[in-house]
Asker: 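Structure incoming, see below.
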Amino acid sequence: MGVIIRYLLIMVTIAISLTSVECTVTGLATFYDPPYVPSACFGNQDQGNLVAGVSDDLWDGGLACGKSFKVVCTGATNQGDPQPCLGEAVTVIIVDHNPGAAAIINLSADAFATIANLDAGSVYVTVKTI
């Protein structure tokens with residue numbers, strides 16, 4: 001009986017350790033126009049139009065490469081557009097590093113346009129690893 005319980009505890013521990021830990025951060029988002037290659041993570045390999053670069057806060061020594069992040073606009077940052085958020089979320093693949101950037105995430109123009117009016121230039125967001 002002790003062997004079975006020990007085996008079950010080991011299996012539960014393994015299952016828990018394989019579960020991804022979600023992380024949610026808030027901060028500033030900006031956008032950049034194409035082309036989206038080359039990138040720090042994938043060189044000249046195109047990853048599509050819903051991509052992003054992240055600041056040092058999310059880069060995690062390069063471990064952010066290829067991860068998917070869900071981004072939601074939470075509010076305006078300037079007087080250019082007092083209500084830029086469109087009420088949508090966008091999932092992006094991290095392809096680049098923006099060292100020293102003030103924004104926590106730099107979205108492709110297509111990704112930014114999914115969550116906010118491009119005229120805003122920058123918005124506050126919530127970013128969640130998925």
Side-chain angles (χ1 to χ4, degrees):
M1 184 69 146
V3 173
I4 294 173
I5 291 174
R6 210 172 312 139
Y7 176 76
L8 287 174
L9 286 173
I10 290 170
M11 296 308 292
V12 168
T13 302
I14 291 171
I16 290 171
S17 69
L18 294 176
T19 304
S20 66
V21 176
E22 289 185 358
C23 175
T24 302
V25 297
T26 59
L28 184 68
T30 56
F31 71 92
Y32 64 112
D33 292 315
Y36 303 126
V37 292
S39 68
C41 298
F42 299 100
N44 286 317
Q45 185 180 7
D46 187 5
Q47 297 299 308
N49 291 333
L50 298 178
V51 295
V54 292
S55 68
D56 297 326
D57 294 341
L58 295 174
W59 181 243
D60 197 16
L63 294 177
C65 281
K67 286 189 177 179
S68 294
F69 285 19
K70 180 180 177 182
V71 184
V72 177
C73 179
T74 59
T77 60
N78 59 38
Q79 63 278 24
D81 188 344
Q83 296 181 340
C85 298
L86 301 176
E88 300 292 328
V90 67
T91 300
V92 295
I93 297 171
I94 303 307
V95 299
D96 226 334
H97 180 212
N98 303 329
I104 61 169
I105 194 162
N106 191 20
L107 301 167
S108 63
D110 288 338
F112 192 96
T114 301
I115 64 166
N117 183 341
L118 287 174
D119 291 337
S122 62
V123 292
Y124 289 110
V125 293
T126 298
V127 178
K128 181 178 182 179
T129 58
I130 53 174

Asker: Restricting to pairs with a member in residues 36-56, which pass ring pair (Phe, Tyr, Trp, His ring centres under 6.0 Å), not counting sequence neighbours?
Answerer: Tyr32-Tyr36

Asker: What pairs with Pro99 under side-chain contact (heavy atoms from CB on, under 4.5 Å), at least two apart in sequence or on another chain?
Answerer: Asp56, His97

Asker: Among pairs that include at least one residue of residues 99-125, which meet side-chain hydrogen bond (donor to acceptor under 3.5 Å, both in side chains), considering only residues two or more places apart or in two chains?
Answerer: Thr30-Asn106, Asn49-Asp110, Thr77-Ser122, Asp81-Asn117

Asker: With sequence neighbours left out, write down each residue that passes side-chain contact (heavy atoms from CB on, under 4.5 Å) with Ser68, or none if nothing qualifies.
Answerer: Thr91, Ile93, Ile130

Asker: Taking the side chain from Asp46 and the backbone from Gly48, do they hold a donor-acceptor pair closer than 3.5 Å?
Answerer: yes

Asker: Please write out which residues are connected to Val72 in a hydrophobic cluster, directly or through intermediates, given that two of Ile, Leu, Val, Met, Phe, Trp, Tyr count as joined at side-chain heavy-atom separations below 4.5 angstrom.
Answerer: none

Asker: What pair of heavy atoms forms the shortest contact from Gly75 to Cys85, and how long is it?
Answerer: N-SG, 3.3 Å

Asker: Hey, what else clusters with Val90 if you join Ile, Leu, Val, Met, Phe, Trp, Tyr whenever side-chain heavy atoms sit under 4.5 Å?
Answerer: Val25, Phe31, Leu50, Val54, Leu58, Trp59, Phe69, Val71, Val92, Ile94, Ile104, Ile105, Leu107, Phe112, Ile115, Leu118, Val123, Val125, Val127

Asker: Looking at every non-hydrogen atom in both residues, tell me the closest pair between Asp33 and Ala109 and how far apart they are.
Answerer: OD1-CB, 3.7 Å

Asker: Of the non-hydrogen atoms in Ala103 and Ser55, which two are nearest, and what is the gap between them?
Answerer: O-CB, 3.2 Å

